[in-house]
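These values consider heavy atoms only, across backbone and side chains, with no hydrogens, waters or symmetry-generated copies. Remember, it's a predicted structure, so these values are computed and weren't measured experimentally.
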Amino acid sequence: MSGFYRDVWTANSDSCVSTNLFLKAYIIKQSDGDIGIACFNTAWRCTGEAGDVDKGNLIIGERVVDHAIELLRSTRIKIGVLHHPLYWLNESDQIAVEGRLQAAFDLLACGHIHRPGPELRKTTMGDAILSQAGCLYASREWFNGYSIVETDSSDTAIVRLYEFSDQRRKFLPATRVVDEGIVRYQFSSSGGTSANTLSTILRKARPNIRRLANDQIALAGTGEQSRDIDEHFVCPPLNRLSQAIPASQVSDSPENDRENLLGILKGEENVTIVGRSELGKTTVAHYIAVKVSEGFGDQVRFPLIGRFAELESKDGSLWRLFRSYANEVSDGATTKAFVESNPVFAIVDDVDLFDEPRVKALGLLITKHKNVRWCIFVRAAAGTESLWKASDNAFPKTEQYVIGELRRGAIRALSDTYFVSEDEQDRRYQSLMEQLQRIGLPRSGYVVSLILWALKNRSQGELLNEAVLLQNLIDHILGRMDYTGALRREFDFTMKSLVLQNLAFHFKTTNEVQFKNDVVEFVIGLLKRKGLRYDAAEIVRAFIKCGVLYEVSETLSFRYRRFQDFFFAGYLRDNPADIENICKGERWLDYTKELDIYTARFRHEKQFLAFGRQIIDGINRPEPPLSVEQLEDYLSEGQNLDFTQAQLRKMRKERMTAEKIDELMDKTDQRIAEKRENEARDKAKTGVEIRSNRVIKFSMAVEMYSEFIRNLEFVDKEVKTAHLEYCLTCWETILRGFLSGLKEAIDDLVHDIHNGGEGSSKAVAAKVNKKGSTLSPEKLSQLFRFIEGTIKHVMPTIVAEIAYQNLGSEKLVDFIDEQIRSEKTTAIRTLLCSFMLLEIDSSLAITRISEFYGSEDTPRWVTAVITERLYSYYRQRPLAGATRKKFEELVVTLEMRLAGESRPRVRGNYLSALKKKAFKEPKS
């Protein structure tokens with residue numbers, strides 16, 4: 001093809017904007033809007049052999065299409081020209097490029113097959129006219145002709161087909177193909193006369209929606225290669241809120257997680273997704289926006305992302321909430337009227353349930369705008385304990401999901417994108433998992449990316465906490481910051497940090513999303529107070545360019561919320577008076593993450609330990625009904641062994657049984673709602689805070705206190721030991737609270753089964769009892785007791801995992817081990833500590849569990865609790881060497897104890913079966 005490249009492809013033109021071997025792009029200037037033409041080279045892999053040998057082997061290239069879309073982004077009409085039809089491409093390339101071509105181009109013109117056949121393809125990805133050309137003249141066996149496509153601002157396209165007539169020796173309207181040789185298309189979904197129709201604006205917005213999503217998954221400012229959301233996004237697990245408790249034991253794959261998310265989008269319900277900070281909620285939000293823009297949903301909708309902080313609690317305007325994002329992705333084409341009248345998929349990010357005025361305003365928007373389907377991302381305050389508030393109080397008519405930590409397969413997939421060779425991929429992946437296990441950070445895309453960047457660029461295996469990771473990354477970003485304005489002297493690292501620290505404090509205490517002009521004005525005032533003569537606008541521009549600040553339309557925020565937390569902690573260090581203000585009353589509720597980063601950066605300030613305990617002691621928390629002794633008695637109440645798994649499965653399959661269970665669960669929800677209504681009425685009368693709110697605050701305070709203990713590693717051992725003991729007592733209290741609530745709920749259910757219920761639940765119970773069922777009340781009660789037994793034995797595992805997320809640190813191993821070996825330690829505390837230790841030092845933890853379980857007199861409930869923890873652990877962690885052998889021996893001991901066997905031959909059979917089936921990490 002050298003002659004083609006030399007004489008045709010490289011020919012110069014004033015309208016040509018780009019030329020390479022795979023693409024040639026033109027922009028033709030017009031008064032009513034520019035026209036963009038992308039000519040794709042589909043022939044570079046052609047052999048020219050007969051028999052359609054090239055069919056299925058050609059490639060355009062996904063990145064080539066992306067580059068063309070970006071080059072022509074500003075044009076009104078986009079035309080794609082390619083010689084071969086798309087079905088001649090390699091299957092994988094066709095899948096990769098067809099949707100993007102369909103979504104971004106108005107007209108796709110191809111040839112090669114010499115057939116007429118214009119068509120309008122209306123897909124979820126968008127509308128595009130496909131014009132297949134004939135040949136001007138090859139031979140009589142082919143259609144010899146051409147077509148002219150006409151369009152105007154009305155979104156109407158007219159295709160005029162012309163065919164060569166042998167008799168008249170000229171081109172005439174192709175009436176044998178279509179009447180009058182003319183085809184008319186309305187390629188706007190609405191068929192209206194406005195240029196700003198849904199399909200038109202979607203077509204314009206898709207590249208920008210993808211660009212913002214790609215920006216979100218990149219570690220901005222690090223110089224890393226740009227990443228594509230489809231290729232590099234790893235979806236975290238999403239479980240229904242009702243499945244939140246057993247979610248940690250679900251075995252699934254990253255591929256299924258993504259399919260599950262797409263399945264949620266295809267439904268019609270509003271969705272609430274709850275998750276802890278930095279579990280990747282914003283990244284999921286951007287991925288959803290991309291997929292919705294491509295047609296994955298209940299119908300064609302325009303996706304919009306709004307940050308909760310942008311919501312005005314007074315006027316509650318839908319347009320104000322989404323205006324910044326809408327203007328950014330559509331270049332100003334989206335209007336208030338468009339958003340309020342067209343199908344919209346509204347995504348609200350980082351909802352703070354404690355900001356009650358904004359929560360109320362959001363609830364009113366959801367009720368008012370029927371054209372909108374909502375997806376609400378809620379920031380969980382304190383693990384699963386706070387999830388009911390999202391479900392019951394704030395957004396009751398939404399499907400509730402909990403976002404979990406990444407699976408190992410997803411982490412490996414993300415890790416592999418950073419390294420080339422398989423050897424390095426395996427080695428770095430093992431280092432990554434070791435870091436995650438040692439420092440107790442959440443297994444999210446954000447944290448994994450931070451650690452991978454550190455492993456690739458700086459870290460050589462040293463212990464890293466999140467503050468160190470952030471410090472490394474921010475040092476690198478600010479070191480690359482390009483400040484080009486005129487300076488009286490160098491704008492050094494200290495000055496950069498000073499400005500960002502003050503900005504972080506300003507954003508946190510006013511609004512986390514600010515207009516750009518307001519930010520510049522704030523920096524001007526700051527520099528004036530410091531007596532410094534710098535260009536404030538240039539400083540802000542440089543912060544945006546290096547990736548610390550994030551610009552959407554005319555608004556600014558910190559690129560990651562953790563960046564803001566990091567600089568806010570630095571501000572507190574320089575302004576100790578503000579720490580005292582935060583510690584007053586309940587202001588700490590709004591600053592838990594900032595104080596976590598502060599204590600991780602400045603690891604010797606022991607006064608925070610006293611502050612954490614003071615907060616806990618100041619909360620008028622309700623005491624769980626079950627004491628430690630009663631808790632052990634409750635756990636020892638065994639399941640009915642005659643009630644076999646086979647019977648359980650059989651009864652769950654019977655339709656009426658399933659209905660009955662579901663209605664009883666609905667009744668439980670009603671009972672909880674009743675209790676909270678009573679609590680609210682009591683608060684109005686007595687002024688005493690609602691019990692459930694006090695429980696949440698207590699959980700938040702314990703988590704923050706745990707983080708202080710983990711972070712403040714330079715505090716004296718005696719001081720830290722005393723605080724750790726008190727902290728573990730608090731975690732025992734949380735466990736007692738969970739199990740007390742479970743016992744109360746099941747007792748109420750069983751009571752209603754036999755007595756018809758009380759209050760409004762009586763009608764529900766009566767309705768259930770009217771229906772025929774194969775289950776007697778006794779058997780149904782037995783079923784719920786069986787469920788109770790299963791849940792209560794897994795609850796210590798769940799609490800231990802939550803505690804580990806806040807206390808987990810390699811430097812606390814000796815402290816935790818000391819608690820396990822203490823004669824004063826209760827059985828419950830020994831198990832909680834052993835389970836936490838299992839995540840940090842698995843070999844030592846298995847040894848301690850084996851020692852604790854060594855006696856033949858060990859209560860049966862201990863066997864059940866340990867079994868649940870080990871079952872959860874071995875499905876998530878591969879074991880090797882001596883640790884694996886110790887783990888196998890412990891599991892066999894448990895199996896033998898449950899089976900009531902002690903013969904060596906039977907023991908050997910258990911061990912043999914175990915080795916065949918377990919302890920293998922699934923390939924990803």
Side-chain angles (χ1 to χ4, degrees), residues 220-221 306-315 320-321 323-325 327-328 349-350 352 355 357-358 470 474 477-478 480-582 587 590-591 593-595 597-598:
R307 289 164 289 185
F308 185 65
E310 292 183 88
L311 179 61
E312 289 290 340
S313 57
K314 294 181 179 179
D315 62 8
R320 183 183 294 274
L321 177 57
R323 177 177 56 190
S324 298
Y325 184 87
N327 289 335
E328 180 73 14
D349 191 24
D350 204 27
D352 180 3
D355 189 344
R358 281 197 173 101
L470 283 169
I474 289 170
I477 291 174
L478 294 184
R480 290 168 51 90
M481 178 176 164
D482 179 22
Y483 186 96
T484 58
L487 298 176
R488 291 177 60 86
R489 52 197 170 277
E490 183 182 2
F491 189 68
D492 61 13
F493 185 88
T494 301
M495 278 305 306
K496 296 171 187 175
S497 297
L498 173 68
V499 174
L500 288 169
Q501 287 174 184
N502 280 271
L503 279 174
F505 184 82
H506 177 63
F507 276 55
K508 176 67 178 180
T509 54
T510 55
N511 199 325
E512 294 181 354
V513 181
Q514 303 265 348
F515 284 106
K516 184 176 181 180
N517 289 340
D518 294 339
V519 174
V520 173
E521 184 177 347
F522 175 83
V523 175
I524 291 173
L526 173 66
L527 296 176
K528 186 177 180 180
R529 291 195 304 272
K530 301 294 182 182
L532 300 171
R533 298 178 63 182
Y534 296 110
D535 186 336
E538 180 65 17
I539 291 173
V540 172
R541 182 204 64 78
F543 284 146
I544 296 169
K545 185 176 180 181
C546 77
V548 176
L549 296 182
Y550 184 56
E551 182 179 17
V552 176
S553 188
E554 293 299 317
T555 64
L556 290 181
S557 62
F558 274 85
R559 180 66 177 79
Y560 300 109
R561 182 180 179 84
R562 275 313 217 196
F563 281 7
Q564 179 177 306
D565 296 343
F566 179 88
F567 287 111
F568 187 91
Y571 178 90
L572 292 180
R573 176 69 172 180
D574 295 338
N575 298 272
D578 287 297
I579 298 179
E580 296 178 6
N581 290 331
I582 289 173
R587 293 195 65 195
D590 294 326
Y591 295 93
K593 291 303 176 184
E594 289 86 352
L595 293 176
I597 291 291
Y598 183 94

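The shortest side-chain heavy-atom distance between M495 and L532 falls under the 4.5 Å cut-off. Annotation: side chain of E554 is not in contact with side chain of S324 (no heavy-atom distance under 4.5 Å). The closest side-chain heavy-atom distance from Y598 to I579 is below 4.5 Å. L572 has its side chain within reach of I582: a pair of non-hydrogen atoms, C-beta onward, lies under 4.5 Å apart. Using a 4.5 Å heavy-atom threshold, the side chains of F308 and L311 count as touching. Between I539 and L527 there is a side-chain heavy-atom pair separated by less than 4.5 Å. Under the 4.5 Å side-chain criterion, counting only non-hydrogen atoms from C-beta, R573 is not in contact with Q501.
Ion pairing between a basic and an acidic side chain is recognised when a charged N comes within 4.0 Å of a carboxylate O; E594 and K508 show such pairing. Between R561 and E512, at least one side-chain N (NZ, or NE/NH1/NH2) sits under 4.0 Å from a carboxylate O, which counts as a salt bridge.
Checked by atom type and distance alone, the side chain of N511 pairs as donor or acceptor with a backbone atom of V513 at under 3.5 Å. The closest donor-acceptor contact from the side chain of R307 to the backbone of D349 lies at 3.5 Å or more, if one exists at all. Checked by atom type and distance alone, the side chain of N502 pairs as donor or acceptor with a backbone atom of L498 at under 3.5 Å.
If you take CD on Q564 and NE2 on H506, they are separated by 10.5 Å, rounding to the nearest 0.5 Å. Taking CZ of R358 as the start and CG of D352 as the end, the distance is 9.0 Å to the nearest 0.5 Å. Atom CG of D350 and atom OG of S557 lie 10.0 Å apart (nearest 0.5 Å).
Applying the side chain to side chain contact (heavy atoms under 4.5 Å, CB included) criterion to K516, with sequence neighbours excluded, gives I544, E551, L556. F505 is linked by a side chain to side chain contact (heavy atoms under 4.5 Å, CB included) to T509, F568, Y571, D578, counting only residues two or more places apart in sequence or in another chain. Not a single ring pair (Phe, Tyr, Trp, His ring centres under 6.0 Å) links F567 to another residue, sequence neighbours left out.
Between F558 and F507, the ring center distance clears the sub-6.0 Å criterion. The aromatic ring centroids of F563 and F566 lie 6.0 Å or more from each other.
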Next item on the list: Decide side chain to side chain contact (heavy atoms under 4.5 Å, CB included) for E310 and R323; before the verdict, give the C-alpha distance in whole Å, the side-chain angles of both, and the deciding distance to 0.1 Å.
Entry: CA-CA 9 Å; E310 292 183 88; R323 177 177 56 190; over 6 Å; no
Checklist line | Candidate pair Y534 and V523, rule side chain to side chain contact (heavy atoms under 4.5 Å, CB included), full reasoning | finding: CA-CA 10 Å; Y534 296 110; V523 175; over 6 Å; no
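Under 3.5 Å, the side chains of Q514 and T555 contain no donor-acceptor pair of N or O atoms.
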